[in-house]
Amino acid sequence: MKKIVGILLLVALAVMAQAQTKIVVISDIHVMGHGLLVNDGPAWQQHLAKDRKMLDKSRELLDAMVEKLKTDIKPQLVLITGDLTKDGELASHEYVVSKLDELREAGIHTLVIPGNHDLGNANAVTYDGDKKTKVAVPTQALFAKLYANYGYDEHADRENTTLTYTNEPIPGLVVIGIDSGENGWLSNMTLNWVCNKAMEARKAGKQVVAMMHHPLFPHFHGVEKFVNTAVISDYEHVRNRLADAGIGIIFTGHFHTSDIAKDYNADLSKAIYDVNTGSLISYPCDYRLVTVSHDLYTWNITTGHITHLPDDAHFSTTSKQRLMASVKHHLSSKNNALSLFADHAADCFIIHAEGNEHQSPMGQEMLKTLEGMMQEAEQFTEMVPKLKNKIADVEKMMHSILKDISEYGVPGRENQTDDLTLVIELPK
């Protein structure tokens, strides 16, 4: 009898394991399509030098990721949270679609949303020596047509004014793709639509998660000093509405670092996790692997990295060096207090990009020396009283990063969440 019970238990466990859903999340792939670099020269090299993205390796990195998905990970679903292309060039979109078609042929379903780069801007150009020439970019309608098989097909429910939609790629799991536009802003119409769709799905007994390009709320104090569109506009209101609508997890991108933060609605009664995934073409070239339980309530998140490429055995080291150089250049060029600490702030950013800063030996060593650094800076700037407040703000920002605390200094909302490995139990 015991033997029969044991066999039945093994069978039951095997069935449950098969019922688990495997999802991969990638972001900010920023693919630069064929033909955009006509001839190398000053125009291309100047653009590349000031950009933290490894645009010159964008196709190679996407190729490596797609191959890994097809032959190794084999997920049921892939989510791409925006910035699919360098700057919305039609040629870049066409290359992305060709790779998504490979996944589709392998039986892997993919959903995408646009990022702030994907519908074109002034940098949608070809590079030819010292010249740049504008190229074609898609309209909203053409974007939806290009990605018809990847979120915008006849099974999707579209919001009228944006590229926001709902899709049910797995029975019982509704994914809401939120189009946050170029500047990270949602109209009341779009937000109401999203919340209504989430509540409808929840009432129907379905699980709901969302994805959006811009982060939902700040992951460290002063994040806007790095990127002025670092979070969605009016984030407190948007956060409260989404949490109240029953969305417990939102997958985001844009900031090019993998960081998970937890926050709550207005009365702190409902939690929402912002799972921010780093760029595939910025060190450490992250992606998320999410295993979802058969009942869709337990979400086990781990983090992987692209560490090598066929033509670069030391890719992980070279990609880190490139990020460090570009961040230092970016911070040094800023006309604010951060420029005084460009080297230290760049080190701090690298630690943030690697995740779980509070566990980093280098990060904890930096915390010990931070107070002395700030005192030296204050002495250096004692003739400029206005800078003292700015220096204090930079110190607060670096404390927030190195202690890995979101909503730093906000009672009831301060949170330290594992950035790389986390199990989220959604409410039933």
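All heavy atoms count here, side chains included; hydrogens, waters and symmetry mates do not.
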Heavy-atom donor-acceptor pair, D83 side chain to N116 backbone, under 3.5 Å: yes
Starting at CG of L62, measure out to CD1 of I306 and round the result to the nearest 0.5 Å. 9.5 Å
For the pair C195 and L242, evaluate side chain to side chain contact (heavy atoms under 4.5 Å, CB included) and give the outcome as yes or no after the intermediate values. CA-CA 6 Å; C195 292; L242 295 184; 4.2 Å; yes
Between CG of L111 and NE2 of H109, what distance do you get to the nearest 0.5 Å? 4.5 Å
Test item: side-chain donor near acceptor, D267 and S269, under 3.5 Å: yes
Is there a side-chain contact between R104 and T110 (heavy atoms, below 4.5 Å)? no
Mind checking what makes ring pair (Phe, Tyr, Trp, His ring centres under 6.0 Å) contact with Y283, not counting sequence neighbours? none
Between D179 and T164, is any side-chain donor less than 3.5 angstrom from a side-chain acceptor? no
Once you round to the nearest 0.5 Å, how far does CD1 of I26 lie from CG of L280? 6.0 Å
Please, which pairs that meet side-chain hydrogen bond (donor to acceptor under 3.5 Å, both in side chains) have at least one residue in residues 129-147, sequence neighbours excluded? H93-Y147
Over all atoms of both residues, closest heavy-atom pair of F251 and T81: O-CG2, 3.6 Å
Looking at L100, is its backbone amide N or carbonyl O close enough to the side chain of Y150 to form a donor-acceptor pair, meaning the two atoms are under 3.5 Å apart? yes
Run L367 and H399 through side chain to side chain contact (heavy atoms under 4.5 Å, CB included) and show every step you take. CA-CA 7 Å; L367 265 177; H399 269 285; 3.4 Å; yes
Not counting sequence neighbours, list each pair that qualifies as a side-chain hydrogen bond (donor to acceptor under 3.5 Å, both in side chains) and has a residue in residues 303-312. D286-H305, R288-T303, D312-T318
Nearest heavy-atom neighbours spanning I176 and V194: CD1-O, 3.7 Å
Within the distance-only criterion (no hydrogens, no angle test), does the side chain of E414 pair as donor or acceptor with the backbone N or O of S406 below 3.5 angstrom? no
Using the ring pair (Phe, Tyr, Trp, His ring centres under 6.0 Å) criterion, which residues pair with Y264? Sequence neighbours excluded. none
What residues, two or more places apart in sequence or in another chain, satisfy ring pair (Phe, Tyr, Trp, His ring centres under 6.0 Å) together with Y127? W44, H47
Pick out which of V25, L69, L103 makes a side chain to side chain contact (heavy atoms under 4.5 Å, CB included) with P75. L69
Using only atom types and a distance under 3.5 Å, with no angle test, would you say the side chain of E89 pairs donor to acceptor with the backbone of A124? no
Could you tell me whether the side chain of Q207 and the main chain of L296 form a donor-acceptor pair under 3.5 Å? yes
What is the distance from atom CG of D244 to atom CZ of R239, rounded to the nearest 0.5 Å? 10.0 Å
Okay, side chain of S58, backbone of V31: is any donor-acceptor separation there less than 3.5 Å? no
How far apart are the closest heavy atoms of G151 and A156, and which atoms are they? O-CB, 3.0 Å
All heavy atoms of P215 vs all of N276, minimum pair found to be CG-ND2, 3.7 Å
For H221, give me all partners under side chain to side chain donor-acceptor pair (under 3.5 Å), at least two apart in sequence or on another chain. D393
M189 backbone acceptor or donor facing N192 side chain under 3.5 Å: no
Y297 to P427 - nearest heavy-atom pair and separation: CE2-O, 3.4 Å
Applying side chain to side chain contact (heavy atoms under 4.5 Å, CB included) to D418 and I260, what does each step give before you reach the verdict? CA-CA 7 Å; D418 195 301; I260 303 177; over 6 Å; no
Mind jotting down which residue pairs meet the salt bridge (charged side-chain N to carboxylate O under 4.0 Å, His left out) criterion with at least one end in residues 193-212? Sequence neighbours excluded, please. D157-K197, E168-K206, K197-E200
Between T417 and N415, is a side chain to side chain donor-acceptor pair (under 3.5 Å) present by the stated rule, with each step listed? CA-CA 6 Å; T417 307; N415 208 275; 2.6 Å; yes
Ring pair (Phe, Tyr, Trp, His ring centres under 6.0 Å) against H117, all qualifying residues, sequence neighbours excluded: H30
Return yes if some donor-acceptor pair links the side-chain N/O of R59 with the main-chain N/O of M32 below 3.5 Å, else return no. yes
Identify, with sequence neighbours excluded, every residue that meets side chain to side chain donor-acceptor pair (under 3.5 Å) alongside N196. none
If you measure only the distance, is there a donor-acceptor pair under 3.5 Å linking the side chains of D40 and Q45? yes
NZ/K22 to CD1/I170 distance, rounded to the nearest 0.5 angstrom? 12.5 Å
So, are K70 and E105 salt-bridged, with charged N and O less than 4.0 Å apart? no
Minimum heavy-atom distance between H254 and D28, given as atom pair plus value: N-OD1, 2.9 Å
Rounded to the nearest 0.5 Å, what's the gap from OG1 on T190 to CG on N160? Could you check? 9.5 Å
Go through the structure and list residues passing side chain to side chain donor-acceptor pair (under 3.5 Å) with D56, not counting sequence neighbours. R322
Identify, with sequence neighbours excluded, every residue that meets side-chain contact (heavy atoms from CB on, under 4.5 Å) alongside S233. W185
Could you walk me through whether L55 and L48 pass the side chain to side chain contact (heavy atoms under 4.5 Å, CB included) test, one step at a time? CA-CA 7 Å; L55 291 165; L48 203 58; 4.2 Å; yes
Can you check whether N356's main-chain N or O pairs, donor with acceptor, with D419's side chain at less than 3.5 Å? yes
Treating K396 as the side-chain partner and G222 as the backbone partner, does any N or O pair qualify as donor plus acceptor under 3.5 Å? no
Any chance the rings of H352 and F220 have centres within less than 6.0 Å? yes
Parallel, tilted or perpendicular for Y95 and H34, by the 30°/60° rule? perpendicular
List in chain and number order the residues that pass side-chain contact (heavy atoms from CB on, under 4.5 Å) with A353, two or more places apart in sequence or in another chain; answer none if no residue qualifies. T257, P284, L323
